[in-house]
Each structure stands twice: as C-alpha cells, then as structure tokens.
Amino acid sequence: MNRPDKDRSRKAGKGFRALGPALAVALGAAFGNPVAAQDVQTVTATVCAACHAEDGNSVIPMFPKIAGLQEAYIVKQLRDFMSGRRKSDVMAPVVAQLKPEDVAPLAAFYSKQKLKPGEADNKKAIGLGKLIFHDGNEETGVPACVGCHQPQGAGHGVYPRIGGQHTAYVTQQLKNFAASERSNDVSRFMRVTSKRMSEEEIHAVAEYLVGLEAK
Amino acid sequence: MNKFLTTIFVVMLWPLVTTAQTPSWNEIKGEQLIALQTKGDAVRGEVAFEPCQGCHRNDASGRTSGAYPRLSGQHATVLIKQIVDIRAGRRINPKMEPFIGDHALTPFEIADIASYLQGLPISAEIGKGPGTRLAAGKQLYDKDCTSCHGARGEGSAEKFYPMVASQHFRYLLRESQFIRDGDRRNSNPEMVKVIKSYSNSDLEALADYMAQLPPPRR
C-alpha cells in the first residue's frame, strides 16, 4: 500500500496505518457483505469521519476538508478515485468498498456542510499568497487563482472551493499537480498552473487560502 | 445587440468566405471558418471565458501593465482570428497556449467567447503611456495607420483590423515591435511594410497616442 519512493504516500500512509485497525472495523461494519443501498449516515459516521471528521471538517492537515465542496466536484473526485484516474493509496481502499450509487448521496451530504476555515502557521507568507491568488505572476504566467476559483476561493461549477482548505493538503496537491502525479484536472489547467509556481509561491498561496471564509 | 451584430457579420462574411478570396495573412479556413460561421452565444461564452479570467481579469480588461491585453469590446472577428492563429502557432504565445489549445476549447466555444467579449463594456482603467509625445504620435498615426485601424482607433470587424484605441500602452508597444521585427508572423504584410522603418521611439509615441484614444462608439 505504501509506495516508498513517494514522500506523499509515505506521509499519508502513516496516518492510514495508525488508523488501520479502527478503520478495518469501521469498513467492515459499514459495508459488511454486499448489501443493497448503504445508509449514507452510517457510512459517513463510521468510515469517512475517521479521516474527514463527522461534518467533513477534517482536523488532520493532510486529510482534506470535504465540507462545502461543490457537489459535482465531490462526485467527480470519488469517481476518479474509483477508476484510478486520481491516485491515492489512502482513498483507493475506501472507494473500493463503495458502490456507484453511493457516490451521489455522499456528495450531497458533504456539499451541504459548512467548511470551517483555519489559521495560517506562517503569517509572513500571507502577503505573497494574497498577491498570487488575486494577480498570479505575470512574469512566469501563473494565472490568478481567483479567475477560476472565485472570490474567497468559494469555487463554482467545475472549480472547487479552495478557500479555508488545510495548508498542508493544498501544498501537497499543488506539488502533485506539478509533478503530474495528480492528473485528473480537466484540460490540464492545474498541472499547467502549478508547474509555473515556485515552492515559495505554492507555500504562500496555501497559507493565504486556509484563512479564507466563503459564504 | 451582440447577437444582432454576429448575425450581420455571418451574413456579410459568407460570400467572402465561399469565394475563397482571402489574403494569405488571413486565410479563412478550417476552424477559423467554423468559428466565423457559428452564431456565437454570449451566455455560453461567459462560462467558457472563466479559465481566461486569471490572466485577462473577470471583466476582460486585461492588466494595466500590458502583460495581458484588454479583450472587452474587441471585434469578435479579430478575437477569433487571433485565437486561431495562436492555436496554429502563427502567433507565438507560450503563456496562454495551454489554456486555449484545442484540448481546452472547441471552435464553437471560440465563437461563443468572441461574441461574449465583443459585447462587454470597455473598462476605463487602461495602462497609459508617458503622454509626452502625443502630438508626434498622432501625426504618425494619421499618416500611416488610419487607413486600417480607423481615425478613432476603432479598427474594422469585416476586415479583421483590431481596435487599438484604449488598449494598454505596454501591450501596444510590444506588439508593434513584434510586428516590425517579424515576430508576429500572422500580421498583414501591408502593415509590416508601413511599420518597418519606424524607430522604437516612433513606436512609443504611436502606442502612447493609441492607448489614450477614448473607447470608440459603436
């Protein structure tokens, strides 16, 4: 399950291992033997909550907050995890237990929760992060994030909410996009964008985003 | 009014297109032809324009630094030609290419975007030049540029001549230099001939003049 060559999966994998026994029980209880329709509430409470918290506001920085994400975006991500278009050693075994018809109610549930913003660890980085978010970088052709992700990073349509998301998670996703390890972005928009960003810009924009609260 | 203009345009252009009498700097074929024949839908265009906003801004006013041009109010025909030329590599734009390549946009979406942008109001916030040589700029402009770009910098939709009034100074200057030095390979050769003899300081005076021309009435 762990790919030792990838820092990301090592880190995420550790979290997963720690949760291992509890999760195995939860997965067993929630999914059991193939049953017809799964009760969304049971699944969210016993499976997803272990990592994403009950209301989707994960408290573990490497696990994304999934509260308040766009419904269509959640559907797309779960399907992408299922088909392997988005690779994650942590989410893969989780979605392996889901049936296609579980996706819609899960997405509906989490999209209706409210995402709670956090606080930046490195407040000095916020200034540069704000600049990147609103203006991008004209020299290197980084487009402003606000153009697609909307004011306060609220997202809409195919552009997910990123305002209020964990710094560590955002940083990791941007690095994954830049290395094409995450490649499920339509039209390659995020791979192109993140490849043009410096480490400093990636870190700064993630520190800015975590504090954004969107309606 | 937007839809009306587009319709008029398609009707007007149709004979021109079918007789295939198009000049070599503007051979209307392939996806350019498809986009021009498509009745652009401004509502769909607004959505298709979203990935462009990170550079060109939500109101398509571009950047006053001139790094990214204003697109609002530009003729739909000009926008279509420029996008198609950039996709085909006739005009080099590595920063933008990954966002407008054919993996990202269909010719129909190009038509929608062009129709949407043409109908947008022109922002008052335009990056101006130093304003020191406007008289010299005007003189050169009136002599060599009005025949195509119009006395008020309004350009021409039918002839694919861009509106140059109220465009950002730095952008105009950079493009003029590209055109003069052959780096913008899709340019009308008549214009290249005219502009060849211009010095950098002439081009600066010209860009200075064009940038401060008020948005032309339609």
Side-chain angles (χ1 to χ4, degrees), chain A residues 70 72-73 76 85 129-163 174 177-180 182-198 201-202 204-205 208-209 212 214, chain B residues 43-72 83 86-87 91-110 112-113 116-117 120 123 125 127 167-175:
Chain A
Q70 277 63 25
Y73 175 78
K76 176 176 180 292
R85 268 172 54 89
K130 186 174 181 181
L131 199 73
I132 294 293
F133 183 81
H134 290 282
D135 292 335
N137 183 336
E138 292 179 358
E139 292 292 315
T140 52
V142 177
C145 323
V146 67
C148 290
H149 290 283
Q150 302 293 303
Q152 299 294 102
H156 93 134
V158 300
Y159 310 108
R161 178 186 298 279
I162 54 174
L174 290 173
F177 279 126
S180 294
R182 178 170 172 188
S183 56
N184 67 329
D185 52 330
V186 179
S187 305
R188 304 199 287 272
F189 287 154
M190 281 312 299
R191 274 170 284 171
V192 172
T193 299
S194 55
K195 268 195 194 82
R196 294 177 179 183
M197 298 174 76
S198 68
E201 288 173 336
I202 286 180
V205 81
Y208 175 65
L209 286 173
L212 290 183
Chain B
V43 176
R44 282 200 305 263
E46 182 170 7
V47 177
F49 184 68
E50 282 172 353
C52 322
Q53 297 178 159
C55 292
H56 292 285
R57 298 280 193 216
N58 287 23
D59 60 358
S61 61
R63 306 283 178 104
T64 52
S65 68
Y68 309 127
R70 170 179 64 73
L71 306 173
S72 51
I83 293 172
I86 292 165
R87 277 152 71 104
R91 181 175 168 190
I92 308 294
N93 187 346
K95 277 188 190 148
M96 177 162 89
E97 203 285 328
F99 294 91
I100 63 148
D102 40 3
H103 65 284
L105 279 186
T106 66
F108 307 105
E109 285 168 322
I110 296 178
D112 292 341
I113 289 177
Y116 167 67
L117 291 174
L120 287 182
S123 145
E125 226 189 291
Q167 181 58 278
H168 305 295
F169 167 72
R170 293 253 153 236
Y171 173 74
L172 288 170
L173 180 57
R174 186 170 75 239
E175 294 305 309

Q: Applying salt bridge (charged side-chain N to carboxylate O under 4.0 Å, His left out), name anything that partners A:Arg85, two or more places apart in sequence or on another chain.
A: A:Asp80
Q.
Under a 4.0 Å threshold between the charged nitrogen and the carboxylate oxygen, would B:Glu97 count as salt-bridged to B:Arg91?
A. no
**Q.** Engaged part of A:Arg191 at the chain B interface, taking heavy atoms whose separation is under 4.5 Å
**A.** neither
Q: Name the option with the most non-hydrogen atom pairs under 4.5 Å to chain B; the candidates are A:Arg196, A:Gln150, A:Glu139.
A: A:Arg196
Q.
Only pairs of heavy atoms separated by less than 4.5 Å count here; which of B:Cys55, B:Gly101, B:Pro51 has the most with chain A?
A. B:Pro51
Q) For chain A, which of B:His56, B:Gln53, B:Met96 has the most heavy-atom pairs under 4.5 Å? A) B:Gln53
Q. How are the rings of A:His149 and A:Tyr159 set to each other: parallel, tilted or perpendicular (split at 30° and 60°)?
A. perpendicular
Q) So, B:Gln167 side chain and B:Arg70 main chain: donor-acceptor pair closer than 3.5 Å or not? A) yes
